[in-house]
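Structure first, commentary second.
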Amino acid sequence: IYYKHQTNGGNMQQRRIRVGSLVKWNKGGEDYGDLGVVTLFERRSFEPDVYEVAWADGQLVTYSEEELANQYVKVVIF
């Protein structure tokens with residue numbers, strides 16, 4: 001389970017992701033409708049954490065926690 005705390009105007013936000021989470025691509029505030037499943041999550045000590053998403057179109061893509069923090073990838077079902 002992944003918890004990402006981010007300050008947004010003084011408020012703390014919690015982001016959660018884990019293997020098996022259903023996610024959608026949401027870059028630029030537009031919902032593109034692409035769905036995927038998180039197949040790997042790797043917590044790293046000195047680098048940003050990474051996770052892999054198997055997208056509905058067959059692509060397997062690795063992302064860093066930055067895409068999650070920027071809401072390019074949004075968790076639909078934790």
Side-chain angles (χ1 to χ4, degrees):
I1 299 173
Y2 174 66
Y3 296 96
K4 172 69 176 173
H5 296 281
Q6 176 182 347
T7 303
N8 183 8
N11 297 323
M12 293 299 286
Q13 294 182 346
Q14 188 178 61
R15 311 237 186 260
R16 302 186 309 174
I17 197 167
R18 65 178 177 182
V19 172
S21 292
L22 179 67
V23 295
K24 69 177 179 177
W25 184 250
N26 192 54
K27 186 170 182 177
E30 296 180 32
D31 178 7
Y32 290 104
D34 294 331
L35 295 175
V37 175
V38 177
T39 59
L40 172 111
F41 173 75
E42 186 177 310
R43 174 156 274 171
R44 297 180 174 183
S45 297
F46 300 105
E47 298 176 26
D49 299 338
V50 296
Y51 56 98
E52 277 186 356
V53 176
W55 292 104
D57 66 0
Q59 292 187 60
L60 183 63
V61 183
T62 302
Y63 297 98
S64 72
E65 62 185 88
E66 185 176 289
E67 282 88 5
L68 186 64
N70 290 331
Q71 296 187 1
Y72 294 162
V73 175
K74 292 182 97 171
V75 176
V76 177
I77 299 174
F78 174 68

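Note: hydrogens, waters and symmetry copies are ignored here, and every other heavy atom, side chains too, is used. None of the values given here were measured: they were computed from a predicted structure.
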Problem set entry | Connected via hydrophobic side-chain network under 4.5 Å: V73 and V50 | no
Problem set entry | Joint hydrophobic cluster, Y63 plus V19, side-chain heavy atoms closer than 4.5 Å | yes
Problem set entry | Residue list, side chain to side chain contact (heavy atoms under 4.5 Å, CB included) with A54, at least two apart or on another chain | T39, L60
For this session: With sequence neighbours left out, write down each residue that passes salt bridge (charged side-chain N to carboxylate O under 4.0 Å, His left out) with E52, or none if nothing qualifies.
Result: none
Seminar exercise, completed: Between V53 and G36, the two heavy atoms sitting closest are CG1-CA, 3.9 Å
Seminar exercise, completed: Sorted by chain and number, sequence neighbours left out, side chain to side chain contact (heavy atoms under 4.5 Å, CB included) with V37 holds for L22
For this session: Go through the structure and list residues passing side chain to side chain contact (heavy atoms under 4.5 Å, CB included) with Q59, not counting sequence neighbours.
Result: W55, D57, V61
For this session: Determine yes or no for a side-chain-to-main-chain donor-acceptor pair under 3.5 angstrom, with D49 supplying the side chain and R44 the backbone.
Result: yes
